[in-house]
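No hydrogens, no waters, no symmetry mates; every other heavy atom, side chains included, goes into these values. Numbers here simply count residues along the sequence, with the first being 1. Everything numeric in this text was worked out from a predicted model, so none of it was measured.
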Amino acid sequence: MANRGISRLFGAGGSGRTNRPHRRSPEPSSRWGIPLIFLAAIFALWLGFRLMPDLGALVEDVPLLSPAATSEPKLPPRPVATTPPSVPTASSGQGAQPSPTPRVALPDLTQLSEERAVALLEQYRLAAEIEEVFAEDVAPGLVVSQSPPANTEVDEGFIVTIRISKGPENPTMPDVVGTTADSAREKLQPLGVDVEMIEQGSATIPAGKVIAQEPTAGSRIEVGSAVRLTVSAGVDRLQVPDVRDKQFAIAQHELAAIGLRGVVDIELTTDRGTCGTVASQNPEPGLPIPQNSEVRLIIRGGSGDSGCTPP
């Protein structure tokens, strides 16, 4: 029987088909469907983790809408246009042109003192730049030249260069002998020299007058060098002592000790006192007289009967 069952299926004379319905083998697409769905789910999860930070930021930027806000949006306040005070405006729509800088003509500053020149430039609303130069013919402290020159038109605030004289580079020593010490100092000060004064007594030249100078007049001197002036201290004034009633020798000794000379003038006198003593003197005691002056002494015991008492 087993053999007959096999022959029904695969008999030589039969077609090999039976009455059972024939099942078709499954299609290849149905085999990959579940794996593809699984891979798509994994990709979706991976993409979600990658986009998580961007989604969070997006959520923060989106404002929460309240019913009141959704009904009527609130607009920001309208800015008010303002014009800076320094920017001029014109009703015609064109900007105002800036005013030009005023121009002035330079004054002539030559031969003016530095202070006067600077003050004059300030009146013209100009500035000054000072330069010191040597000049043979312009006194020290005066303006030698200026740049730009006088009558040049410049803008207000312009800087003008003025050159101030320092005097000659090697000035000539002036003659100051016979002038007062103050006058000599005024003449020498602009030359830039150091003045040294030495006092010396003189019986002929009044006090305060220059007796001698070094270097001599007409010599070339250098700026910063020393100039020595000898100034008279005048005649020393001495107070006449009282030598009356003293012996002539003693009186003469006292006068000589302080720089005076006692001169004897013998006259007939009736003054009572010891013979040989000073009866009177001229100048009188206490008066100031120059040094080396003479004091006239009248001695008792002159010719004739003087009435003096012998010592």
> If only atom types and distance count, is the side chain of R220 paired as donor or acceptor with the main-chain N or O of N170 below 3.5 Å?
Replying inline: yes
> Any donor and acceptor pair, going by atom type alone, linking the side chain of R125 with main-chain N or O of E156 inside 3.5 Å?
Replying inline: no
>> Looking at every non-hydrogen atom in both residues, tell me the closest pair between D155 and L126 and how far apart they are.
In response: O-CD2, 3.5 Å
> Where the side chain of S232 meets the backbone of K209, is there a donor-acceptor pair that is under 3.5 Å apart?
Replying inline: no
>> Between V176 and S183, is there a side-chain heavy-atom distance shorter than 4.5 Å?
In response: no
> I298 versus R296: any side-chain heavy-atom pair under 4.5 Å?
Replying inline: yes
>> Looking at every non-hydrogen atom in both residues, tell me the closest pair between L297 and G262 and how far apart they are.
In response: CD1-CA, 4.2 Å
> Once you round to the nearest 0.5 Å, how far does CG of L109 lie from CG of L121?
Replying inline: 5.0 Å
>> Does D194, at its CG atom, have more than 12 non-hydrogen atoms belonging to other residues, nucleotides or ligands within less than 6.0 Å?
In response: yes
>> Do L229 and L188 make a side-chain contact, defined as non-hydrogen atoms from C-beta onward lying under 4.5 Å apart?
In response: yes
> Should we say atom CD of E284 is surrounded by more than 12 heavy atoms from elsewhere, each under 6.0 Å from it?
Replying inline: no
> Within a radius of less than 6.0 Å around CD1 of I258, do more than 12 heavy atoms belonging to other residues, nucleotides or ligands occur?
Replying inline: yes
> Has E131 got more than 12 heavy atoms of other residues, nucleotides or ligands less than 6.0 Å from its CD?
Replying inline: yes
> Hey, what do you get for CD (Q146) to CG (L112), rounding to the nearest 0.5 Å?
Replying inline: 9.0 Å
> Taking it one step at a time, do D175 and Q213 satisfy side-chain contact (heavy atoms from CB on, under 4.5 Å)?
Replying inline: CA-CA 8 Å; D175 186 4; Q213 67 181 54; 3.7 Å; yes
>> Quick test of your reading of the model: are D245 and R300 salt-bridged, counting only N-O distances below 4.0 Å?
In response: yes
> Taking all non-hydrogen atoms of both residues, which atom of M173 and which atom of P215 are closest, and how far apart?
Replying inline: CG-O, 3.5 Å
> Rounded to the nearest 0.5 Å, how far does CD of E153 lie from CZ of F158?
Replying inline: 12.5 Å
>> Looking only at the side chains, is there a donor atom on one of S219 and T216 sitting less than 3.5 Å from an acceptor on the other?
In response: yes
> side-chain contact (heavy atoms from CB on, under 4.5 Å) between V278 and I299: does it pass, once the steps are laid out?
Replying inline: CA-CA 5 Å; V278 177; I299 307 300; 3.9 Å; yes
> Hey, is the main chain of V243 close enough, under 3.5 Å, to the side chain of Q281 for a donor-acceptor pair?
Replying inline: yes
>> Nearest 0.5 angstrom please: M197 CE to R228 CZ, how far?
In response: 13.0 Å
>> Out of the candidates I130, I164, D108, only one should pair with V143 under the side chain to side chain contact (heavy atoms under 4.5 Å, CB included) rule; please name it.
In response: I164
> Okay, side chain of S225, backbone of E222: is any donor-acceptor separation there less than 3.5 Å?
Replying inline: yes
> Yes or no on side-chain contact (heavy atoms from CB on, under 4.5 Å) for T172 and I221, after CA distance, side-chain angles and deciding distance?
Replying inline: CA-CA 6 Å; T172 302; I221 55 178; over 6 Å; no
> Measuring from Q252:CD to L260:CG, what's the distance to the nearest 0.5 Å?
Replying inline: 11.5 Å
> Going from OG on S165 to CD on E136, what distance comes out if it is rounded to the nearest 0.5 angstrom?
Replying inline: 9.0 Å
